[in-house]
Amino acid sequence: MSQNNTEITELFERLTDENTSLKHTDLALLSDLNNQEVAAFKDFWIRMSPERRLDIVSRLGELAEDDVSLDFESIFIRTMHDPNAEVRAKSIDGLWECNRPSLIDHLLSLSNEDPSMEVRIAATASLGRYSLMGEFGQLPEKTRQTLQTSLLTIFRDTELPVELRRRALESVSPFGQPQVIMAISQAYNNPEHLLKIGAVYAMGQNASDQWESVITSELNNDNNDLRYEAAVAAGELGLESFVPKLVSLIEDPDIEVQLASIQALAKIGGKDAKKGLTENLESTSSQAVRDMITTALADIEADESAAGMPAISPEE
């Protein structure tokens, strides 16, 4: 957005007036603010109550998810240091698509030092996308090492809350180094249920075939959360050996497991996945499952077309 001074001032005044309800049209105008506009916004921001600030960042996050053309990155980068912990956490969540390496130090600082555990968990969870960048050589070596070491340090600190340690493990999991593999194994064998769930998720992000037997086993687990994470991980590993079990999980008693299995089959693709999806499309009575299967089949067709493969019908 780029407006003259009068327009931008009037917009900020409306947002600051807490007797005025927030409008979609006004909030959308905060997309793509330039540096001058952001500086002006900060002056108005500090005049708002914590409740109003939280309402705004929450709504901006929802708008960005619904409309990919909207970009509130410049707002969230500044509000992630807001005095209110809830505002900080929501702002961090709003930066889920941001991949600026310059944010790594800020997020690491928040994950280690913020007085709010909610903020520390949000910051730690958000670092996973940077670990993926580091594993693919898109970060300087020193930054990559600092990121990996910091996340492993959090995971290994048994004095910290389990949820924070779990998020640290999940975020460091894209790295393929032996110490990361060891951390995933340790978490999987830990009696703490949340760490085991995090470990299964981490196996998928780690994307190593060495986790095939573990994921296969967890697809049969009686626990819904573990079956769900195993289905997600199976999709990330992309191995065709998972297809028969994933197809059977389309009829799982838990709807989240059903949907995760369908998405995993879409990622794996191939004739058997398409056949299983098609058969379940014809037999299921759930509209949510039908919609997900339809999307999955379209995704497989699109991937095959992009790869220059001839379309294969499930019957062939």
Side-chain angles (χ1 to χ4, degrees), residues 1-133 138-139 143 147 167 171 295:
M1 184 192 76
S2 181
Q3 304 182 68
N4 62 45
N5 290 338
T6 300
E7 291 174 328
I8 196 72
T9 299
E10 289 177 349
L11 169 62
F12 294 161
E13 289 285 5
R14 289 196 298 275
L15 295 175
T16 306
D17 182 1
E18 302 196 18
N19 293 317
T20 302
S21 60
L22 297 173
K23 296 180 179 179
H24 175 108
T25 50
D26 281 344
L27 292 170
L29 291 173
L30 294 176
S31 178
D32 293 310
L33 294 185
N34 60 39
N35 290 337
Q36 183 179 1
E37 290 164 344
V38 170
F41 179 72
K42 287 172 62 179
D43 293 334
F44 286 88
W45 186 253
I46 59 176
R47 291 163 43 187
M48 303 180 199
S49 69
E51 293 77 18
R52 183 70 163 184
R53 299 198 305 270
L54 178 59
D55 195 10
I56 289 175
V57 295
S58 299
R59 293 277 298 277
L60 292 181
E62 293 168 1
L63 287 175
E65 286 187 10
D66 293 339
D67 186 346
V68 295
S69 69
L70 296 176
D71 182 2
F72 304 113
E73 193 174 288
S74 59
I75 296 291
F76 291 135
I77 285 174
R78 285 147 184 88
T79 58
M80 66 187 283
H81 299 290
D82 190 271
N84 182 272
E86 289 183 280
V87 173
R88 295 198 299 277
K90 281 289 184 182
S91 300
I92 293 167
D93 290 342
L95 289 167
W96 62 278
E97 277 195 313
C98 180
N99 58 3
R100 296 187 190 184
S102 59
L103 282 186
I104 294 176
D105 286 342
H106 295 288
L107 291 168
L108 282 174
S109 177
L110 291 171
S111 71
N112 282 285
E113 302 169 7
D114 197 275
S116 165
M117 189 52 62
E118 178 187 9
V119 174
R120 294 183 68 179
I121 290 170
T124 302
S126 73
L127 287 163
R129 61 183 179 275
Y130 292 107
S131 294
L132 191 61
M133 291 172 63
Q138 298 171 351
L139 294 178
T143 301
L147 177 59
R167 299 307 177 189
S171 285
T295 300

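Both backbone and side-chain heavy atoms feed into the values below; hydrogens, waters and symmetry mates do not.
- Distance CD/E37 to CG/D32: 9.5 Å, rounded to 0.5 Å.
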Would you sort out whether R52 and L22 count as a side-chain contact (heavy atoms from CB on, under 4.5 Å), showing the intermediate values? CA-CA 9 Å; R52 183 70 163 184; L22 297 173; 3.4 Å; yes

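- Considering CD1 of I92 and OG of S126, their distance stands at 6.0 Å, rounded to 0.5 Å.
- For the residue pair I56 and M48, the shortest heavy atom distance occurs at CD1-SD, 3.5 Å.
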Apply side-chain contact (heavy atoms from CB on, under 4.5 Å) to R100 and I77, showing your working. CA-CA 10 Å; R100 296 187 190 184; I77 285 174; 3.4 Å; yes

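- Within 6.0 Å of atom CG in N35, 12 or fewer heavy atoms from other residues, nucleotides or ligands are found, so the atom counts as exposed in its surroundings.
- If you run side chain to side chain contact (heavy atoms under 4.5 Å, CB included) between M80 and each of L103, D93, V87, only L103 comes through.
- Side-chain atoms of S109 do not come within 3.5 Å of backbone N or O of D105 as any donor-acceptor pair.
- S171 contributes a side-chain N or O that, together with a main-chain N or O of A125, makes up a donor-acceptor pair within less than 3.5 Å.
- Contact of the I104 side chain with the L139 side chain is registered, since non-hydrogen atoms from C-beta on lie closer than 4.5 Å.
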Candidate pair F44 and T9, rule side-chain contact (heavy atoms from CB on, under 4.5 Å), full reasoning: CA-CA 9 Å; F44 286 88; T9 299; 4.1 Å; yes

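- Atom CZ of residue R59 and atom CG of residue L27 lie 5.5 Å apart, to the nearest 0.5 angstrom.
- Between E18 and R47, no side-chain nitrogen of the basic residue sits less than 4.0 Å from a carboxylate oxygen of the acidic one, so the salt-bridge criterion is not met.
- Using a 4.5 Å heavy-atom threshold, the side chains of F12 and D26 count as separate.
- Nearest heavy-atom pair across H106 and H81 is ND1-NE2, 3.9 Å.
- A donor-acceptor pair is defined here as one N or O able to donate and one able to accept, closer than 3.5 Å; no such pair exists between the side chain of E65 and the backbone of E62.
- Among all heavy-atom pairs drawn from S116 and D114, the shortest one is N-OD1, 2.8 Å.
- With contacts defined as side-chain heavy-atom distances shorter than 4.5 Å, the pair L147/S131 qualifies.
- Side-chain atoms of D67 do not come within 3.5 Å of backbone N or O of L63 as any donor-acceptor pair.
- Here the side chains of L70 and L60 are not in contact, with every heavy-atom distance at 4.5 Å or above.
- Here the side chains of D17 and E13 are not in contact, with every heavy-atom distance at 4.5 Å or above.
- The minimum heavy-atom distance between V57 and K90, with the atom names listed, is CG2-CB, 3.8 Å.
- In this structure, T20 contributes its side chain and R14 its backbone to no donor-acceptor pair below 3.5 Å.
- Taking both residues in full, the closest heavy atoms of A123 and L110 are given as CB-CB, 3.8 Å, listed atom of the first, atom of the second, then distance.
- With D82 as reference, R53 is the one residue of R53, K42, R88 to meet the salt bridge (charged side-chain N to carboxylate O under 4.0 Å, His left out) rule.
- Classification of the W45-F41 ring pair by plane angle, with boundaries at 30° and 60°, yields tilted.
- What you find for S31 and S69 is that their closest heavy atoms are OG-O, 4.1 Å.
- Residues E97 and V68 fail the side-chain proximity criterion, which asks for heavy atoms closer than 4.5 Å.
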